[in-house]
Novice: 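Okay, handing you the structure first.
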Protein chains: 2
Amino acid sequence: MPTPIDRHTAWQKHRHLWHHETAGPRTLLLKEGEISRKLYVIAEGCARYWFNHDGKEISFQFSFEGDVVYSSESFRKNIPSAYSIETIEPVTLRWLSQDDMQIVRQDPELYPLIIESVADKQAVFQRHFFSYLRDTPRQRYENLLRDQPEVIRRVPLQYIASYLGITPVSLSRIRSSIS
Amino acid sequence: MPTPIDRHTAWQKHRHLWHHETAGPRTLLLKEGEISRKLYVIAEGCARYWFNHDGKEISFQFSFEGDVVYSSESFRKNIPSAYSIETIEPVTLRWLSQDDMQIVRQDPELYPLIIESVADKQAVFQRHFFSYLRDTPRQRYENLLRDQPEVIRRVPLQYIASYLGITPVSLSRIRSSIS
DNA sequence: GCCACTTCTTAACAATTGTAAAATAATATC
DNA sequence: GATATTATTTTACAATTGTTAAGAAGTGGC
């Protein structure tokens with residue numbers, strides 16, 4: 001087994017592979033049905049993940065500074081992405097190509113870190129999922145307000161409504177009954 | 001990078017590490033708050049994942065023959081599990097200890113397979129999650145009936161209700177309005 | 001600043017779900 | 001097989017959400 005080394009140092013070995021890019025607000029970084037070919041990291045700004053359902057845009061994830069942004073299944077398997085990724089604010093990004101990511105993935109010092117980060121992401125996702133089984137929409141909004149007030153400050157309410165699994169009208173009612 | 005070999009062959013190398021076990025119905029394989037120390041695979045029978053919320057048992061996953069069953073975050077990090085795993089039917093199981101799983105994980109031929117299976121599991125989970133944002137409880141029940149009729153045959157309805165995010169009463173109404 | 005456009009809120013009503021309690025059905029135990 | 005226990009269904013009513021439409025507030029372009 002490779003000797004564990006510092007996470008930051010392990011990644012820094014590959015920093016020469018990163019490209020840089022900026023984009024305005026409401027720019028598609030990835031379009032539903034296309035193949036995810038760049039693994040982005042957000043340096044500044046925010047974005048949302050969404051998919052189309054009967055003509056409605058359903059947002060299911062928001063990403064901010066430091067977050068990795070890509071469609072992992074599409075990126076790994078070269079299959080069409082099930083969702084789009086769109087900037088909300090103007091963003092500055094760095095990204096890795098699929099080929100360069102292959103190089104990084106082959107680094108034995110990074111193997112355990114990558115497994116771990118994928119698994120951790122899954123755990124976070126699962127906790128988020130639990131709130132849909134456990135809490136009412138009102139409680140989910142209150143949780144968001146308490147745990148991630150930044151989302152409510154930076155993300156338009158219509159996107160937050162679909163993220164909470166309700167309509168904008170219902171979210172508006174919940175908000176007015178709180179404040 | 002290790003040469004990719006046949007998935008089955010790669011796992012079979014480690015078959016001597018597996019233990020065998022049986023359990024009756026309604027047996028806890030893992031209790032919320034305890035540490036997941038065995039990675040089970042179901043040979044026969046089925047089980048459910050659930051957590052407690054205000055005295056109610058909320059089921060969020062069902063597992064059948066061939067499925068891996070454990071609390072991944074708890075198993076990896078030796079932290080208390082956020083949920084319980086309980087048999088529904090009598091089961092026969094095989095399992096790996098944490099230490100033996102460490103050995104398996106170190107097999108360079110299995111690294112890519114493990115990363116892939118974790119990532120795939122996440123994708124399945126994500127698709128399931130999407131239905132909570134996209135569909136009504138009635139549609140989720142109809143999807144379950146269409147895609148996994150085995151779940152409805154083998155799992156008590158009260159567990160299915162919480163899995164769908166509704167009460168048993170509401171599920172009963174939905175069922176009676178269909179058939 | 002003015003206009004057009006989008007976003008958010010409010011209102012009214014329909015549809016769905018939750019809650020509590022009782023009835024029925026199914027299962028387990030002796 | 002009779003009884004106790006648990007699971008599921010049904011009923012009635014309260015609470016919440018969806019839908020549609022209209023109004024208010026906010027944004028951006030000229």
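First the proteins, then the strands, lettered A, B, ... as listed; each starts at 1. Only a predicted model underlies this, so the values are computations on that prediction, with no experimental measurement involved.
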Novice: Tell me if the centroids of the rings in F60(B) and H128(B) come within less than 6.0 Å of each other.
Specialist: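 Between F60(B) and H128(B), the centre distance exceeds or equals 6.0 Å.
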Novice: Which residues in residues 158-168 of chain A have a heavy atom closer than 4.0 Å to any atom of DNA chain D?
Specialist: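 When residues 158-168 of chain A is checked for heavy atoms under 4.0 Å from DNA chain D, the hits, listed by number, are G165(A), I166(A), T167(A).
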Novice: With side chains defined as the heavy atoms from C-beta onward, is the minimum distance between W95(A) and L39(A) less than 4.5 Å?
Specialist: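 The answer is no; the side chains never approach within 4.5 Å.
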Novice: Provide the start and end nucleotides, 5' to 3', of the part of DNA chain C that has atoms under 4.0 Å from heavy atoms of chain A.
Specialist: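 Result: dT7(C) to dA12(C).
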Novice: Are S176(B) and dT9(D) close enough that a side-chain N or O sits under 4.0 Å from OP1 or OP2?
Specialist: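 Looking at the OP1 and OP2 atoms of dT9(D), neither is under 4.0 Å from any side-chain N or O of S176(B).
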Novice: Would you compute the distance between atom CD1 of I152(B) and atom CD of E150(B) and round it to the nearest 0.5 angstrom?
Specialist: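 Taking CD1 in I152(B) and CD in E150(B), the distance rounds to 11.0 Å.
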Novice: Should the pair R26(B)-E57(B) be classified as a salt bridge under the 4.0 Å nitrogen-to-oxygen rule?
Specialist: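 No, this pair does not count.
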Novice: Side-chain contact test, heavy atoms from C-beta onward, threshold under 4.5 Å: evaluate it for D67(A) versus V41(A) and give yes or no.
Specialist: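 Contact flag for D67(A)/V41(A) side chains = no.
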Novice: What's the shortest heavy-atom distance between L28(B) and S84(B), and which atoms?
Specialist: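 Looking at all heavy atoms of both residues, the closest pair is CD2-CB, 3.9 Å.
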Novice: Tell me what S172(B) touches on the nucleic acid: a base, only sugar-phosphate, or nothing, going by heavy atoms under 4.0 Å.
Specialist: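 Counting heavy atoms under 4.0 Å across all strands, the contact made by S172(B) includes a base.
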Novice: Categorize R173(A) for me: base, sugar-phosphate, or nothing, with a 4.0 angstrom heavy-atom threshold over every strand shown.
Specialist: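 If one applies the 4.0 Å heavy-atom cut-off, R173(A) turns out to touch a base.
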Novice: Quick one: I58(A) CD1 to dG18(D) P, roughly how many Å, whole number?
Specialist: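 So the two atoms are 12 Å apart, to the nearest Å.
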Novice: Is it the case that atom CD in E65(B) sees more than 12 heavy atoms from other parts of the structure closer than 6.0 Å?
Specialist: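 Yes.
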Novice: So do the side chains of F64(B) and V151(B) get within less than 4.5 Å of each other, counting heavy atoms only?
Specialist: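 Heavy-atom side-chain distance check passes, below 4.5 Å.
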Novice: Quick check on the helix from dG1(C)-dC30(D) to dC30(C)-dG1(D): what's the angle between its two end axes, five base pairs per end, to the nearest 10°?
Specialist: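 Here the helix ends are tilted 50° relative to one another.
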Novice: Starting from C1' on dT17(D), measure out to OH on Y132(A) and report it in whole angstrom.
Specialist: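 Interatomic distance, OH of Y132(A) to C1' of dT17(D): 15 Å.
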Novice: Could you pull out the closest heavy-atom pair between Y83(A) and Q126(B), with the gap in Å?
Specialist: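 That would be CE2-NE2, 3.3 Å.
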Novice: Any idea how Y163(A) and F62(A) line up, ring-wise: parallel (<30°), tilted (30 to 60°), or perpendicular (>60°)?
Specialist: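 Judged by the thresholds at 30° and 60°, the geometry between Y163(A) and F62(A) is tilted.
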Novice: What is the distance from CG of L171(B) to C1' of dT10(D), rounded to the nearest Å?
Specialist: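 Rounding to the nearest Å, CG of L171(B) and C1' of dT10(D) are 14 Å apart.
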Novice: Can you check the R175(A) CZ to dT17(D) P distance for me, whole Å?
Specialist: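 R175(A) atom CZ is separated from dT17(D) atom P by 15 Å.
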Novice: Just so I know, are the side chains of V69(B) and Y49(B) near enough to count as touching, which here means a heavy-atom distance under 4.5 Å?
Specialist: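 They are in contact (side-chain heavy atoms under 4.5 Å apart), so the answer is yes.
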Novice: Measure CG/L157(A) against P/dA25(D) and give the value in whole Å, please.
Specialist: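 Value for this atom pair: 16 Å.
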